[in-house]
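Taking it in order: structure first as structure tokens, then the write-up.
What you see is a predicted model; the values in this text were computed from it and never measured.
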Amino acid sequence: SNLLCCAMLAAYLLGIHEGKIALWKGNDPEPIKVFDYSASQLPEDAQRQLEAGVPIKSIRELRALAEQYLP
């Protein structure tokens, strides 16, 4: 899947798992964290970005993205 190919280039990957926003580490097939927040509550462009997978290189970058995607 395209999620896995992107994940190999980044430390973490933010995406969608069973309709919720989730975080993967490296190329693990299962997310390390599933947030209790439905992706369908996001604007359509944000949903599309998460469906493709948003690579994250650091925890600092993750915090910035969490503020963007998890109000």
Side-chain angles (χ1 to χ4, degrees):
S1 88
N2 60 348
L3 277 182
L4 290 179
C5 83
C6 298
M8 291 177 193
L9 305 174
Y12 298 92
L13 190 81
L14 200 62
I16 298 174
H17 179 73
E18 295 176 358
K20 304 228 182 209
I21 297 173
L23 179 69
W24 285 262
K25 183 171 168 46
N27 55 1
D28 290 352
E30 289 297 312
I32 56 169
K33 170 97 175 129
V34 179
F35 299 95
D36 191 25
Y37 191 83
S38 172
S40 64
Q41 294 174 264
L42 293 168
E44 262 182 54
D45 59 332
Q47 286 183 51
R48 275 196 298 275
Q49 287 175 324
L50 286 170
E51 280 166 13
V54 179
I56 299 167
K57 296 177 192 71
S58 67
I59 292 294
R60 187 182 305 154
E61 194 176 338
L62 172 61
R63 284 197 192 105
L65 279 168
E67 286 170 18
Q68 181 182 337
Y69 289 113
L70 304 168

### Task
For residues Q49 and V54, report the shortest heavy-atom separation together with the two atoms involved.
O-CG2, 3.7 Å
### Task
Could you name each residue pair satisfying salt bridge (Lys or Arg N to Asp or Glu O under 4.0 Å) that touches residues 30-45, not counting sequence neighbours?
K20-D36, E44-R48
### Query
Side-chain heavy atoms under 4.5 angstrom apart, residues restricted to Ile, Leu, Val, Met, Phe, Trp, Tyr: same cluster for Y12 and V34?
no
### Query
How far does CD1 of I21 sit from CG of L42, to the nearest 0.5 angstrom?
4.5 Å
### Message
Please find the pair of heavy atoms, one from I16 and one from A39, that lie closest to each other, and give the distance.
### Response
CD1-CB, 3.5 Å
### Task
Specify the closest pair of heavy atoms between Q47 and S40, including all atoms of both residues, with the distance to one decimal.
NE2-O, 3.5 Å
### Task
Hey, could you give me the CG/CG distance between D28 and L13, rounded to the nearest 0.5 Å?
11.0 Å
#### Entry: Smallest separation among heavy atoms of P55 and G53, with atom names
CD-O, 3.5 Å
### Query
How far apart are the closest heavy atoms of A11 and K57, and which atoms are they?
CB-O, 3.7 Å
